[in-house]
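Read the structure below first, then the notes.
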Amino acid sequence: MTGSSPDLSVEIAGIRMKNPVMSASGTLGYGTEYEPYLDLSALGAMVTKAVTLEPREGNRPPRVRETPAGMLNAIGLQNPGAEAFIEEKLPEMRRFGVPVIANISGRSIEEFATLAEMLSVEGVDGLEVNISCPNVEEEGMYFGVDCELTGELTAAVVAATELPVIVKLSPNVTDICAIARAATEAGADALSLVNTLVGMSIDVEARRPHLGNITGGLSGPAIRPVAVRMVWEVAREVDIPIIGMGGIMAAGHALEFILAGATAVAVGTANFVEPATMQQVIDGLASYCRRHGVSRITELVGALEID
Amino acid sequence: MTGSSPDLSVEIAGIRMKNPVMSASGTLGYGTEYEPYLDLSALGAMVTKAVTLEPREGNRPPRVRETPAGMLNAIGLQNPGAEAFIEEKLPEMRRFGVPVIANISGRSIEEFATLAEMLSVEGVDGLEVNISCPNVEEEGMYFGVDCELTGELTAAVVAATELPVIVKLSPNVTDICAIARAATEAGADALSLVNTLVGMSIDVEARRPHLGNITGGLSGPAIRPVAVRMVWEVAREVDIPIIGMGGIMAAGHALEFILAGATAVAVGTANFVEPATMQQVIDGLASYCRRHGVSRITELVGALEID
Amino acid sequence: MARAVAILKRRENVAPGHYLLELSCPEIARSAEPGQFVHLRVGDGTDPLLRRPFSVMLTRPSAGEVQVLVRTVGRGTELIADHEVGTRYDLLGPLGHGWRLPEATENVMLVAGGVGVAPLIFLADHLRTAEPKPYVRAIFGGATEDALACWTEFASRCEEFTAVTEDGTAGETGMATDVLASEIERDRPDRVYACGPDAMLVVVAGICRQAEVAMQASMEQWMGCGVGACLGCAIPAAGGGYVRVCTEGPVFAAEEIDWERMTPR
Amino acid sequence: MARAVAILKRRENVAPGHYLLELSCPEIARSAEPGQFVHLRVGDGTDPLLRRPFSVMLTRPSAGEVQVLVRTVGRGTELIADHEVGTRYDLLGPLGHGWRLPEATENVMLVAGGVGVAPLIFLADHLRTAEPKPYVRAIFGGATEDALACWTEFASRCEEFTAVTEDGTAGETGMATDVLASEIERDRPDRVYACGPDAMLVVVAGICRQAEVAMQASMEQWMGCGVGACLGCAIPAAGGGYVRVCTEGPVFAAEEIDWERMTPR
Ligand SMILES: Cc1cc2nc3c(=O)[nH]c(=O)nc-3n(C[C@H](O)[C@H](O)[C@H](O)COP(=O)(O)OP(=O)(O)OC[C@H]3O[C@@H](n4cnc5c(N)ncnc54)[C@H](O)[C@@H]3O)c2cc1C
Ligand SMILES: Cc1cc2nc3c(=O)[nH]c(=O)nc-3n(C[C@H](O)[C@H](O)[C@H](O)COP(=O)(O)OP(=O)(O)OC[C@H]3O[C@@H](n4cnc5c(N)ncnc54)[C@H](O)[C@@H]3O)c2cc1C
Ligand SMILES: Cc1cc2nc3c(=O)[nH]c(=O)nc-3n(C[C@H](O)[C@H](O)[C@H](O)COP(=O)(O)O)c2cc1C
Ligand SMILES: Cc1cc2nc3c(=O)[nH]c(=O)nc-3n(C[C@H](O)[C@H](O)[C@H](O)COP(=O)(O)O)c2cc1C
Ligand code: FES
Ligand code: FES
């Protein structure tokens, strides 16, 4: 970095990141899968696929399906479970020298708390509480759409760990601000939004759903306008940092979230389309700052002009 | 039609349509605009742009913006008002000889009721109650996200008119089924879903929202998976007919809604892209029925196979 | 007003980021009037989704040919810039209301900003053969020389022509609006026809109001349908409310527009 | 496993709805093994959005050339069918695990269904030069003659070859699986390699289990990332759970898969 380069570093709930670009949960595996295509050490942070207490097989196939400018997924939280994660996956992820945030998903408040405790280990820099995974019945969805439950869950996780707690919100709600307030008041250190919108697509020749799970989570550029709107609404309601995501494919999209009020951004589906997306976004943010004479990216957070 | 052609006719709350394809409110003007491009007499039905009690100027520009596989709009219910509609627009729409459904939008339950009465005139075949227009503050949105208000509003409109009452739901809710039940129990004859998702996009160079209204309604193919999912969920909850819409560009998309449980479908944004879309959908439905040996399109309603 | 298929016969990169499309499209060539536009579909998928509006720059009815000048600003225009000769476009048009022509003997002034030159070239071409012929002066302004695409096509159709760039890379140095002001000083035109960025049109409107010169402007706004149905292309109307660029416009008399509310934020 | 740019050198419509792409892509040509695939991006926009997986059909390392056989089934493949020579593709590959090769002297049977022939042509080509050489028989089945794209490329690389179509428009009449059963009767192979529709693979697996013949199958599933990260391409694994087609596969030993749960609904 030359002296003239802008300062892209940000801090999310005490997690220092050299730039605001992170991977979205469930879209970068545990990092190693993308090593041939991307210098992961350049990222601001890495977020894991959802970690659950016990190992999970995941949903029946097909699990993914393309939709207009987006995709539906119903992976079903497939993961090796907390223990195996800590023993096998975590060390792998550490190698890249960037903060690792563990995305946790539980069936009950107790399970979330237990998970939070278990994952409060050397090498995990923060927890992202997935209260909004739309794919597993009676789970994530159940919490994320209710203010009280969101509050209780957040409080329980906060009490169970010393780590920064990031609550990841579901967009499938009437009033995202109410949920955001509930999480904030319960002690969340930051918020991630958005998770996927619940969607469905049908094979009309076979007269069957494309996904084995019938419904799935919609992600990708298609949902970006909804995600940006929610970040903008929430940013004006709460004063904890926001990690914005939903359809980011390029720096310009990341800037929409940042201007709307996000301190950091996460890239998900775009990784599948172009493995170098996160690097491109980082470079694009730097050149935008240069072009606009912005010395610190943080100057842009919430800098949207409304009259 | 030769003897072998399938029967595409459907009935929505007493409104007989020669096929299940209608225009989505606000996307076909009052019909005349599309006369050079489309034989409107071939449609199953026509739905008007929202009609309000008083004339409305609409929102400040820009009012539309393309997004990935979709568009944001913030027209703001611009319309000449109920009286001018009845005197000037309605006669124009009648010329095509297809059922005309008036989409109504009010500021209060009283206003909705008054509108319903005013529009219960010769030439209007049904009312679509827009409780979900996301563009005007303290209006549509306010009703459509609350079960009680939806119920009261529906009951008031039903009491004020002899015409079939179609309640058009907002997708910007946590539990679409609860709202659907509320409208049904209050006497709605049919349901339309979905209206637009609230979204926003930003001009990062100018650091301003693209729309003069800041946020707008997201429509087009991008939202189809969400719309199909909601129709599928609601169809299993209520037994009044459903008009499905959201991103229909071709017969295959219309069939997704029909298989999910919609008796009729509406085409909106696609009209802007390809003015002949509705005709293409009608033709495509007929050939699908032939190919699959379906003699009545109604056989396909809710015919999705789940195991 | 109908739909037509246009086939790309020739595509020339007339200036950096500017492409002249020569389309074979007899219907439009026959019926398009100066100031009207076509609503063109780029590709057949969802990226981009909506049609894109472009003014007709010239027609050769006999040859069934239509010329359009495209400036690349985003996804759709960049795709167009890459299209091979032979590409088929689905388009709606000619759409909207064009320039209202001057009384024959008038002394008229055409003011173009950047790619806004397209509908004015069509107008100038039309006025050449008007009988008796109005006296036509033109001002063509842009940030740099690169923005003065097709200036020869414009100049060759006017009695007097002034090019002006902000950086002086071509013609005079300054703004088209400065030139307009001094030209009005020198020899007051009976009528001004203008097309360009909103910022320019607002100033032109101000100058014309001051000098009491009749003015028409071809306006731009993002569009949905292009045919008057969606009410998406609204711009502020004089006396309140809005008018549709695609239907009442794109050409408006200055008095029809609320220039106050037009002023870029 | 890396990313590469491939340039379309030749595109041939080898059968109705089937296109043979000849790509210049030295990296893949050098490193691809039979049964591996490439994850190809169609266009640079959002329509289509995700990459599309295609098996490598043949490579000419010396010429830096890769051949891929594409059957048009939807948006992405239809766009590919229209691409001009010179089109540049961004692709990831070679990806996944290919065919495990037979012991030299084995008597092997290749069973292809439709476009599933591609990875088997690559295998047959590879086995031709194996030393000492296994004896290679092949069965190529399809609904009609049209589905037997590139059959000569396949046949010419095997000692024995049987074509079979359901409607008898080419070769024997019937199913590839019927032919397989009788061939096993006649002369039991040591190993079967199969690629085709799930329905066919399920039957082949059943036949092979019965006859106690070792079998490998190249499987398909809709994909997200193609590199093992999204867990989207799961198929049922023997003994419960799932395996990833893009990483553990696309080629699996029959014993690794739960054919019960694979049976199409
Ligand atoms: C009546 C009319 C006539 C026009 N005539 C011409 C012409 O002759 N030549 C020409 O090059 N352009 C013309 N335009 C502008 C042209 O339509 C836009 O530049 C084009 O639609 C941009 O498409 P895109 O996909 O490349 O850009 P997008 O990716 O859609 O947007 C990129 C940027 O282009 C601008 N833009 C997009 N749509 C419009 C629009 N409808 N009006 C103004 N700016 C827009 C915005 O600043 C946007 O941020 C005309 C517009 C109108 C309304
Ligand atoms: C490992 C692997 C190797 C493959 N090799 C080849 C090959 O050599 N030649 C070839 O023509 N095809 C091959 N396929 C299938 C090919 O990837 C799909 O046909 C293609 O992605 C369809 O894209 P589309 O946009 O045209 O279809 P879409 O519009 O995306 O879908 C149309 C239909 O195609 C089918 N389809 C879509 N994606 C897949 C998929 N990933 N797997 C199976 N079916 C799918 C579905 O039935 C879908 O309804 C392979 C698939 C895999 C997983
Ligand atoms: C294949 C896939 C798997 C995902 N898995 C998870 C998960 O395990 N936990 C979670 O909180 N979000 C998960 N998500 C949601 C993403 O983290 C992200 O919130 C969403 O996809 C929106 O971002 P995008 O549009 O950039 O993909 C997943 C998304 C995809 C596409
Ligand atoms: C420009 C525009 C104007 C609209 N106006 C109305 C309206 O006045 N009343 C209403 O109920 N819905 C309105 N809608 C919503 C549509 O009727 C439809 O519910 C929505 O666009 C989804 O369908 P689509 O994806 O096919 O466009 C409008 C949509 C658009 C794009
Ligand atoms: S663009 Fe639809 S009304 Fe003008
Ligand atoms: S496609 Fe993502 S894991 Fe296989």
Side-chain angles (χ1 to χ4, degrees), chain A residues 65 67-72 144-146 170-175 179 197-210 214-216 218 220-233 247 249 251-260 288 291-292 300 303-307, chain B residues 65 67-72 144-146 170-175 179 197-210 214-216 218 220-233 247 249 251-260 288 291-292 300 303-307:
Chain A
R65 179 69 188 173
T67 65
M71 69 180 278
L72 287 167
V145 299
D146 181 282
S170 165
N172 304 287
V173 297
T174 304
D175 183 355
I179 307 279
L197 284 161
V198 182
M200 169 178 186
S201 78
I202 293 172
D203 179 337
V204 299
E205 293 304 316
R207 296 186 197 173
R208 294 186 164 283
H210 278 125
I214 304 176
T215 63
L218 182 63
I223 71 168
R224 195 168 61 237
V226 174
V228 170
R229 184 263 301 182
M230 288 185 166
V231 166
W232 181 71
E233 286 179 351
M249 305 273 290
H253 308 150
L255 284 159
E256 286 193 64
F257 283 91
I258 292 169
L259 292 168
Y288 178 93
R291 219 162 5 95
H292 290 259
L300 296 173
L304 185 69
E305 290 166 28
I306 308 284
D307 37 31
Chain B
R65 180 69 189 175
T67 65
M71 70 179 279
L72 288 168
V145 299
D146 182 282
S170 165
N172 304 289
V173 296
T174 303
D175 184 354
I179 307 281
L197 284 161
V198 182
M200 170 178 184
S201 78
I202 293 171
D203 179 336
V204 299
E205 293 304 316
R207 297 187 197 173
R208 295 186 164 282
H210 278 125
I214 305 177
T215 62
L218 182 64
I223 72 168
R224 194 167 63 235
V226 175
V228 170
R229 185 263 302 180
M230 288 185 166
V231 166
W232 181 72
E233 285 178 352
M249 305 273 290
H253 307 151
L255 284 160
E256 286 193 65
F257 283 92
I258 291 169
L259 291 169
Y288 177 93
R291 219 160 8 90
H292 289 259
L300 295 174
L304 185 70
E305 290 167 28
I306 307 284
D307 40 29

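Here the structure is a predicted model, which is why all the values come from computation and not from measurement. Order of the sequence lines sets the chain letters (A, B, ...), proteins ahead of strands, with each chain counted from 1.
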- Message: With rounding to the nearest 0.5 angstrom, report the CZ to CG distance, A:R229 to B:L218.
- Response: 10.0 Å
- Message: For the CG atom of A:N172 and the CG atom of B:N172, what is their distance to the nearest 0.5 Å?
- Response: 10.5 Å
- Could you pull out all residues at least two apart from A:A254 that satisfy side chain to side chain contact (heavy atoms under 4.5 Å, CB included)? A:I248, A:V265, A:V281, A:L285
- Mind checking side chain to side chain contact (heavy atoms under 4.5 Å, CB included) for A:S201 and listing every partner two or more places apart, or none if nothing turns up? A:R65, A:L72, A:H210, B:E256
With chain B as the partner, which of [options] has the greatest number of non-hydrogen pairs under 4.5 Å?
| options | value |
| --- | --- |
| A:L259, A:L304, A:L255, A:V226 | A:L304 |
| A:G199, A:A222, A:P225, A:G252 | A:P225 |
| A:H253, A:E233, A:R291 | A:R291 |

- Note on the structure: Here the pair of heavy atoms bringing B:E305 nearest to A:R208 is O-NH1, 3.4 Å
- Task: Looking only at non-hydrogen atoms, find the nearest pair between A:A260 and B:I202 and report the distance.
- Result: CB-CD1, 4.0 Å
- Task: Using non-hydrogen atoms and a 4.5 Å limit, figure out which bit of A:L300 sits close to chain B: side chain, backbone, both or neither.
- Result: side chain
- Check each atom of A:Y288 against the heavy atoms of chain B and say whether the ones under 4.5 Å are side chain, backbone, both or neither. side chain
- One option among B:I214, B:D203, B:T67 has the most heavy-atom pairs under 4.5 Å with chain A, and it is B:I214
